[in-house]
Amino acid sequence: MEKGLFPIERFQDIRTPFYYYDTQLLDQTLAAISQETSKHEGYHLHYAVKACANPKVLRHIKDAGMGADCVSGGEIQACLDAGFPAGEIVFAGVGKSDWEIELGLNAGIQYFNVESIPELEVINDIAARMGKTARVSFRINPNVGAHTHANITTGLAENKFGIAMEDMERVIAMAQSMSNVSFVGLHFHIGSQILEMNDFVDLSIRVNELQDRLNAQGIMVENINVGGGLGVDYADPNKNPIPDFKSYFDTYATYLKLRPGQHLHFELGRAVVCQCGSLVTRCLYVKKATHKQFVIVDGGMTDLIRPALYDAYHRIENITSTAAEETYDVVGPICESSDVFAKDYVMNGTKRGDIIVMRSAGAYGEIMASGYNCRPLPKGYVTEDLLG
Ligand code: LLP
């Protein structure tokens, strides 16, 4: 069954390593999201482009009617090129350069997620110079911890992201007194790869408290943006190819009290694209050492850095072998001892030339690739490239 997921014959002709995106699964995932968001009044999804900006993947997401969440001028440009309406693009990031702010203003993006007072001042100045008004939303650090990897939690007071809760009224008042910005919302994000719905409950409760506080002072907020963070099943992508969007959106519908007419924005990245993408590699050599055997593949940490950087687990499959299972360390060709995909991994008996895929690599895979060791960046193919 698993092997049937891939057009193996077509893989044989393509130089490895490369990314393969199963666009049938992507479209099913997008349909599942739309089905759930359409049940709730005022829910909008802005796909977090940082997860994967492959142009063909972006086009499917745009065609599904989603907006985009960008964190750089490059991402804004990639979205405009893919046909996303500028009015559906939001722009976040702790360090926006002047040219990126200008690009956002020129394109007419929906709003800037602002992360500091100095940034607010610069946006106001640039907008004034351009004769425009920037719509701004403030990223508030909700001091909510998420149960995930320490490197990818972002909502705690000690993180570099956002404005402290105690400064919230002050920054809103500042924005209201400035001539070229208009205050349109609040933005939150607590972390990534979150599978514990209670973390989103905690965030919802915090948002309710902050809204009560603002409403008591007569401040109304047009848009609430709760960021992204919904996780996926890395251990068993075949069992759970589509994340549990129903629980995710229902959690917010139950706990986050929207005011009449208010919009709730989401910035899911991983949950949208992770399961549809795989890194496809080829076994170069099987090397037997005293106590171990290594499968050395032609893809490495330059192509998929998550195992080296976060100790992340990706399911590995030899899709061209049915030989009895054996135990291997699966490693890449890079001159770094951290270039390891998995240790003591059990998979079908492997020989030179076999195709080995790293599953659940659609998010933070291709986009985080580097040219270290002067390696070419991996190409990305979608189903229609291979099957016509
Ligand atoms: N919104 C904001 C403000 C974010 O910082 C992020 C992710 C997202 C949305 C999308 O989060 P998602 O739905 O994908 O969890 N490279 C790491 C993940 C870094 C996530 C950074 N921020 C990894 O490979 O696991």
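Read the numbers this way: they start at 1 and go in the same order the structure lists the ligands and their atoms.
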May I ask you to identify, for [X], whether its side chain, its backbone, both or neither come under 4.0 Å of ligand 1 on a heavy-atom basis?
X    : result
D69  : side chain
A51  : neither
R306 : side chain

| said: Can you confirm whether more than 12 heavy atoms, excluding those of K257, are under 6.0 Å from its NZ atom? | reply: no
Worksheet item: Yes or no on ring-ring contact (aromatic ring centres under 6.0 Å, His included) for F11 and F18, after CA distance, side-chain angles and deciding distance?
Response: CA-CA 9 Å; F11 282 3; F18 62 88; 5.3 Å; yes
Does an N or O anywhere in R139 fall below 3.5 Å from an N or O of ligand 1?
no
When Y248, F188, Y255 are each screened for ring pair (Phe, Tyr, Trp, His ring centres under 6.0 Å) with F200, the one that passes is Y248
*asked:* One thing to verify: whether K292 and D329 come together as a salt bridge, which I'm taking to mean a side-chain N less than 4.0 angstrom from a carboxylate O.
replied: yes
Q. Is the shortest distance from a Lys or Arg side-chain nitrogen in K56 or D385 to a carboxylate oxygen in the other one below 4.0 Å?
A. yes
Atoms of ligand 1, numbered as shown, that sit under 4.0 Å from any heavy atom of [X]:
X    : value
G269 : 12 (P), 13 (O), 14 (O)
L268 : 13 (O)
G228 : 9 (C), 13 (O)
E267 : 1 (N), 2 (C), 3 (C), 8 (C), 9 (C), 10 (C), 13 (O)
A48  : 10 (C)
M368 : 16 (N)
Y310 : 16 (N), 17 (C), 23 (C), 24 (O), 25 (O)

Would you say the ring centroid of Y234 lies under 6.0 angstrom from that of H314?
-> yes
Between H265 and Y111, is the ring centroid distance below 6.0 Å?
yes
May I have the step-by-step check of side chain to side chain donor-acceptor pair (under 3.5 Å) for N180 and R129, ending in yes or no?
-> CA-CA 9 Å; N180 291 76; R129 179 161 40 76; over 6 Å; no
Exercise. Determine, using heavy atoms of G229 and all atoms of ligand 1, whether some pair is separated by less than 4.0 Å.
Key: yes
Among H46, Q193, H187, R270, the residue with a heavy atom nearest to atom 25 (O) of ligand 1 is R270
Query raised in the report: I219, I163: one ILVMFWY side-chain cluster at the under-4.5 Å cut-off?
Result: yes
